[in-house]
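Sequence lines set the chain letters: A, B, ... in the order given, protein chains first and strands last, and positions in each chain run from 1. Quick note: numbers below take in every heavy atom, side chains included, and nothing from hydrogens, waters or symmetry partners. The structure displayed is predicted, hence computed values, not measured ones.
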There are 2 protein chains.
Amino acid sequence: MSGDRRVRRTRRLVQEALVALILEKGYDAVTVTDVIERADVGRSTFYSHFTDKQDVLLSNLDEHGFLRPAPEAGPCGLFAFSLPMFAHAREQERLVRALLGRRGGGPLLAHGERLLAEIVGRELLAAGARPSAALDLLVVCVTGAYMGLLRAWVDGETAASPAELDAAFRAAVEPGVRAFLSGDVAYSHGRDE
Amino acid sequence: MSGDRRVRRTRRLVQEALVALILEKGYDAVTVTDVIERADVGRSTFYSHFTDKQDVLLSNLDEHGFLRPAPEAGPCGLFAFSLPMFAHAREQERLVRALLGRRGGGPLLAHGERLLAEIVGRELLAAGARPSAALDLLVVCVTGAYMGLLRAWVDGETAASPAELDAAFRAAVEPGVRAFLSGDVAYSHGRDE
DNA sequence: TGTCCTCCAGAACACTCTGTTCGTTATCGA
DNA sequence: TCGATAACGAACAGAGTGTTCTGGAGGACA
């Protein structure tokens, strides 16, 4: 472990307090004063570790291994990220709800969406799509559909399991994606070979 | 026109000031004090018309005819709302960017998404789908894809025209939706007839 | 064990923003 | 023209932010 035990303790207390408070009151309603009271930590202490609320969230996320470009599990079919990601979300349910939920203010949602868009884009290119404006729009659609499901689950609008969410995602977008790919691949074959 | 000329003037000034400021600084960064300065309106005047920032936005939206369940243009195919809605967004570009953009804080986005989900749900039911958990998830996917495109356009990530956005939307989701519907319809035929 | 150094508590501070109140002035509709 | 109503503007209490400082407690390391 790195550094002073007191430092770890303080950071952990603050992070846990913030997550708990977000789940109770929603991100916007939580104040720094709330957090330091709940964490039982001095005001100056808070500001010596974090710059503000958002910083606490980001550090928390970072230390839990989110925000990293995903391990690139290997080419086992289209949208390999889907099921593991839903599953991971359910494991870290408490944190994920606080971060992405309707009460979470969703400043992180945009970041997650960009990250996911990169993954989807890479997958489609690997599957034979050529870079184009149409591909970019398809990526947006696919990403939007996925994030929609994730958000719906986080907000408790559905009780579906990770497997069911994954199935719904694939059922909704795979036909369109395959049609797009087959057109694209056929076309690029016609040109390149 | 309804009411006092002074009232109309004040409301208009405030609404315009807020939109302008959001586009400059982003929703969160705009304070009520900013708005009343820009609008050149007394503080007490502001609070006699609106309860807060959000209220200004909602009133603005309401008076422009958003937030209404859409005129239900008639059954001319699946996702009839798509193209007109993209087109309408481009016409009201300034307002829509302020309301839905990354800088817009997106408190309205959730509302818009729910509204759209209702429309999509009704369309799919009208097309023969039976109410089910799977249908709900499909609606979430379709809605997510549409909102993703809208947000991408609003945030300037794409320069696509309404027609291109509409085409991308349909290409991405229609195959999956049709597959879902044909399965559903076939099944309900098997049971009901 | 002891020493040194880092971290923490707590209070006080200036600052910004919010939402309300009230007496005065101006502007509207009829 | 005149009564009603809206706007002004200043002042206010309250809440939150982010900084600074001092004294004291706790850990790391030999």
Side-chain angles (χ1 to χ4, degrees), chain A residues 1-60 62-63 98-99 103-108, chain B residues 1-60 62-63 98-99 103-108:
Chain A
M1 274 296 169
S2 66
D4 200 314
R5 180 183 303 159
R6 289 170 294 179
V7 174
R8 291 199 305 273
R9 182 188 122 94
T10 297
R11 293 181 66 88
R12 183 177 48 80
L13 285 175
V14 169
Q15 288 168 339
E16 287 174 0
L18 178 58
V19 168
L21 285 166
I22 289 176
L23 290 171
E24 288 173 18
K25 308 172 36 172
Y27 182 83
D28 287 334
V30 176
T31 70
V32 171
T33 305
D34 290 335
V35 175
I36 64 182
E37 266 176 24
R38 175 69 63 99
D40 199 18
V41 146
R43 186 167 199 77
S44 53
T45 305
F46 176 94
Y47 282 108
S48 71
H49 285 284
F50 307 99
T51 67
D52 52 23
K53 244 195 316 181
Q54 169 112 343
D55 191 34
V56 179
L57 230 44
L58 287 173
S59 72
N60 202 347
D62 195 34
E63 288 161 22
L99 293 173
R103 347 202 51 186
L108 277 303
Chain B
M1 272 300 167
S2 65
D4 199 314
R5 179 185 304 160
R6 291 169 295 180
V7 173
R8 290 198 307 273
R9 181 189 121 94
T10 297
R11 294 181 66 87
R12 183 176 48 81
L13 285 176
V14 169
Q15 288 169 338
E16 288 174 358
L18 179 58
V19 168
L21 285 166
I22 289 177
L23 290 172
E24 288 173 19
K25 309 175 32 174
Y27 181 83
D28 287 332
V30 176
T31 69
V32 172
T33 305
D34 289 335
V35 174
I36 63 183
E37 265 176 26
R38 174 70 62 99
D40 200 16
V41 147
R43 185 168 200 77
S44 52
T45 306
F46 176 93
Y47 282 107
S48 72
H49 284 284
F50 308 98
T51 67
D52 53 22
K53 246 195 315 181
Q54 169 111 345
D55 190 35
V56 179
L57 231 42
L58 287 173
S59 72
N60 202 349
D62 195 34
E63 287 161 22
L99 293 173
R103 347 203 53 187
L108 277 303

Rounded off to whole Å, could you give me the CG-to-C1' distance for the B:D4 and C:dA26 pair?
-> 12 Å

For B:R6 and D:dC8, give me the distance from atom CZ to atom P, rounded to whole Å.
-> 11 Å

Can you tell me how far P of C:dC8 sits from CG of A:L13, to the nearest Å?
-> 10 Å

Test B:V30 against every option in B:L23, B:V56, B:L21, B:V19 by the side-chain contact (heavy atoms from CB on, under 4.5 Å) rule and name the one that passes.
-> B:L21

Salt bridge present between A:R9 and A:D4 (N-O < 4.0 angstrom) = no

Please report, rounded to the nearest Å, how far the P atom of D:dT20 is from the CZ atom of A:F46.
-> 16 Å

Please walk me through it: do B:R38 and B:L13 pass side-chain contact (heavy atoms from CB on, under 4.5 Å)?
-> CA-CA 9 Å; B:R38 174 70 62 99; B:L13 285 176; over 6 Å; no

So, the side chain of B:N60 versus the backbone of B:L57: is there a donor-acceptor pair under 3.5 Å, distance only?
-> no

Does A:H49 place a side-chain N or O at less than 4.0 Å from the phosphate oxygens OP1/OP2 of C:dC8?
-> yes

Got a donor-acceptor contact below 3.5 angstrom from the B:K53 side chain to the B:V32 backbone?
-> no

Of the residues in residues 32-45 of chain A, which ones touch DNA chain D at a heavy-atom distance under 4.0 Å?
-> A:V32, A:T33, A:R43, A:S44

Rounded to whole Å, the CZ-C1' distance (A:R9 to D:dA28) equals 18 Å

Of the nucleotides C:dC28, C:dC17, D:dG18, which has the atom closest to the A:Y47 side chain?
-> D:dG18

Separation of C:dT16 P from B:K53 NZ (nearest whole Å) = 18 Å

Side chain B:R8, main chain B:G3, donor-acceptor under 3.5 Å | yes

C:dT27 base / B:R5 side chain donor-acceptor hit below 3.5 Å | no

Compute the angle between the rotation axes at the two ends of the helix from C:dT1-D:dA30 to C:dA30-D:dT1, each taken over five pairs, rounded to 10 degrees.
-> 40°

For B:D52 and C:dG19, what is the distance between atoms CG and P respectively, to the nearest whole Å?
-> 6 Å

Side-chain donor or acceptor of A:D55 paired with backbone N/O of A:T51 under 3.5 Å | yes

May I ask you to test the A:V35-A:V41 pair for a side-chain heavy-atom distance under 4.5 Å?
-> no

Round to the nearest Å and state the distance from A:K25 atom NZ to D:dA15 atom C1'.
-> 12 Å

Applying side-chain contact (heavy atoms from CB on, under 4.5 Å), run through B:E63 and B:R11 and close with a yes or a no.
-> CA-CA 11 Å; B:E63 287 161 22; B:R11 294 181 66 87; 3.3 Å; yes

